[in-house]
Amino acid sequence: MTRDTAPLSMLSGWGRYPYCQSQIIQPANQQQLLQLNQSFAGIPRGQGRSYGDSALAGTVLSCKYLDQFIEFDPEHGILTVQAGITLAQILEVIVPQGWFLPVTPGTQFVTVAGAIAADVHGKNHHLAGCFSQHLLSMEMLLGDGSQLRVSPTHNTDLFQATCGGMGLTGIILSATLQLLPIKSSQINQTSVKARSLSDVYALFEQAAESTYSVAWIDCLAKGQQLGRSLLMTGEHAKQGPLANLPQKTLSIPFATPSALLNRFSIKAFNSVYYHRQRKTVAQQAIHYAPFFYPLDRIQHWNRLYGRKGFVQYQFVLPHAAGLLGMEAILKRISDQQQGSFLAVLKQLGPANENLLSFPREGYTLALDFKLQHGLFRFLEQLDQLVLDWGGRIYLAKDARMSQTVFKTSYPNWETFEAVRAQYAATGKYRSTQSVRLGLA
Amino acid sequence: MQNILIIGAGSAIAKACARRFASAGRHLFLVMRDETALAEQIADLHCRGAGSVAGAALDILDTKKHDQVIRQAQVQLGKIDAILVAHGSLPDQAVCEQNIEATLSAITLNGTATVALLTGLAQLLEQQQSGCLAVITSVAGDRGRESNYVYGCAKAMVSTFLQGLDQRLSKQGIRVIDIKPGFVITPMTEGFNRSGPLWSQPEKIAGIIEPALLHKRGTVYAPGFWRMIMAIICLIPTPLFRKIRL
Ligand SMILES: Cc1cc2nc3c(=O)[nH]c(=O)nc-3n(C[C@H](O)[C@H](O)[C@H](O)COP(=O)(O)OP(=O)(O)OC[C@H]3O[C@@H](n4cnc5c(N)ncnc54)[C@H](O)[C@@H]3O)c2cc1C
Ligand SMILES: NC(=O)c1ccc[n+]([C@@H]2O[C@H](COP(=O)([O-])OP(=O)(O)OC[C@H]3O[C@@H](n4cnc5c(N)ncnc54)[C@H](OP(=O)(O)O)[C@@H]3O)[C@@H](O)[C@H]2O)c1
């Protein structure tokens, strides 16, 4: 046990691609963070659940120890927490008291700052919008060492750049959220089989009033079955227990040979999943954890994709692209036969005002691709299709998008750069991703 | 075990313990050096469900103030069921070899000042005729090794002190526990290469300490496999020991 002078670690995002040799700075508390920020240049990091290189740089500042509750008002559901606390820790405290997160991504192991920086969306985006839309205010540390309170009405420009701004505007220190009241920790879930893409689109339209909706889609099905899927909708139960489940997890101990995940096993998995449900419509009451976080029960599931890692490709197509656009892209994916068993289709509601926030009204599809020869060329073709249909790619998942694709599909990038310059962030807060995307 | 006094409550290991205690609704009194950090942690544990949380700021080196803080805790908690002592610092061994000041200050904090504090805490428990006293020392105290014998000897002092306390206080129904962690990923070990199976997260150590407070006594290695590792290290014959680096 000896102390190295400048410990370097090989760091990656959740997709385990790319890796970057990084020095990790881990302040033990906020006072230390304020000091370290003076000489720091790099990117803040939460739990590393973004898939690509959003939280990667030569130097990263881990917010792991900024994980305290600051204030909770159980009367009104107003919660103030430090930036590095995870959603899991929050749920543990708020659920028994009848509150829930107003917006949650598909894993509870992300930090509040990560959720803000990616402006995450959940299965309720069509009604509730993004995470930032429930954020009452936050405290930020800027490049010049000053601290600032930022909210939809205070320093609005910085608020709109920081939510969705992938850590590039400054360091979020703490945040105040408005929580959602619940009567039970159970979710009444309905799942409906859809035989084709047009079927599932129609089901989504019918489910416009459902609180939560998401579809699992078989990206390998072809022809008549193209887009066959399982739509799940959910409502918070009106009565029942208010309880958390004990955290029982399985773990994938090491990277599995990626051959395990060849297209035959994916296909088998897909058809078993789809056919497991016999009836067209099934209903059940389940705990919120398996409903929102089915993958959280398997620790390190990202190791299933083998040593080379994987990329998750998530894009949105605006309503104008309609069924036609999605069908064209899905067909391309199913022809390629490289897609994953995890493909998620979701309807998104109207976009918010934030400069780089991903969601816009339409449909988003997310699927994993194991890293292999020819993949990037294929994804570049997909990028082109996405652009042609007026869509864009989610920065929290991205590991390889080109500067041109980014700047074409995120037209507010110039305003974003101006705000960064104004708040002393330019050049100081930068990630491998921001450099690749041509941000200063 | 309702009322718990935690000394060095801001250390990563104690923090992880305190969060477990809080979510079980226990009453806590925190002692730590930094006033601001103390206020922050009180707020945090309150949100996490503690029955009550209060605290006092104390620099352990300020031995004259120990008594006052112990009394404050007693007033706040009433009967104290368990005490966890967790402060400490890991000096740079290489610096200590060149610098008497650094050596003595490490030994003072981890050793003599801690022993001073334990003297007061033992009196308190003796008056109560009940309770348990758990102190975090280290596997480093089991055998002097070239990489950290300054730290190790201070921890060994505390371990030996605890053996005596255990013998004395056990007669009054008081349990004394010497907790010896191995390698733990905390701010103390920032800068070490911390990959590999010997390294634990503080939450794991807390998961060992909490049940130990309820019914263990004597030495508790955390995790348990360190008992075996240290037994082997202690068995290495000295002539051979001189030839290896540890
Ligand atoms: C299984 C799984 C399911 C997911 N499901 C969804 C989903 O349904 N919807 C969705 O929107 N996303 C989803 N995601 C993506 C995930 O929510 C985001 O990538 C999120 O940002 C990860 O948070 P993190 O704490 O791990 O942050 P990291 O990955 O560590 O960092 C993400 C970004 O946050 C920034 N950041 C971190 N801390 C700070 C700080 N203190 N101040 C400023 N910036 C900071 C980083 O610089 C980086 O740009 C999913 C991810 C996984 C692994
Ligand atoms: N980490 C390991 O690998 C390891 C292994 C074996 C044993 N241990 C022992 O476990 C215990 C907890 O350590 P940790 O790893 O959790 O470390 P940590 O997070 O670095 O905590 C050390 C704590 O000691 C406090 N402290 C230092 N000097 C003090 C003083 N003069 N007065 C009051 N408090 C003082 C610090 O307070 P400030 O924040 O104010 O500085 C800090 O909260 C220590 O006794 C340590 O020796 C640790």
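Fair warning: this is a prediction, and the values are worked out from it, not measured in the lab. Protein chains get the first letters and strands the later ones, always in sequence-line order, with residue 1 at the start of each. The figures here come from the full heavy-atom set of this structure, side chains too, leaving out hydrogens, waters and symmetry mates.
With a 4.5 Å cut-off on non-hydrogen atoms, A:Gln89 touches chain B through its side chain but not through its backbone. Residue B:Gln93 does not touch chain A at all, counting heavy-atom pairs closer than 4.5 Å. Looking at A:Ile94, neither its backbone nor its side chain comes within 4.5 Å of chain B, counting heavy atoms on both sides. With a 4.5 Å cut-off on non-hydrogen atoms, A:Glu71 touches chain B through its backbone but not through its side chain.
Taken to the nearest 0.5 Å, the CG atom of B:Asp142 stands 3.5 Å off from the NZ atom of B:Lys180.
Under a cut-off of 6.0 angstrom, the local environment of CD1 in B:Ile100 is sparse, with at most 12 non-hydrogen atoms contributed by other residues, nucleotides or ligands. Few gaps surround CD on B:Gln2; more than 12 heavy atoms of other groups in view lie less than 6.0 Å from it. Other residues, nucleotides and ligands contribute more than 12 heavy atoms inside 6.0 Å of the CZ atom of B:Arg20.
Using a 4.5 Å heavy-atom cutoff, the side chains of A:Asp67 and B:Arg19 are in contact.
Near-neighbour residues of residues 172-183 of chain A relative to chain B, defined by a heavy atom under 4.5 Å from a heavy atom of that chain, are none.
Between A:Trp301 and A:Trp14, the angle of the ring planes goes over 60°, which puts this pair in the perpendicular group of the 30/60° scheme.
At distances below 3.5 Å, not a single donor-acceptor pair connects side-chain atoms of A:His76 with backbone N or O atoms of A:Ile78. Checking side-chain atoms of A:Asn37 against main-chain N and O of A:Leu142 turns up a donor-acceptor pair under 3.5 Å.
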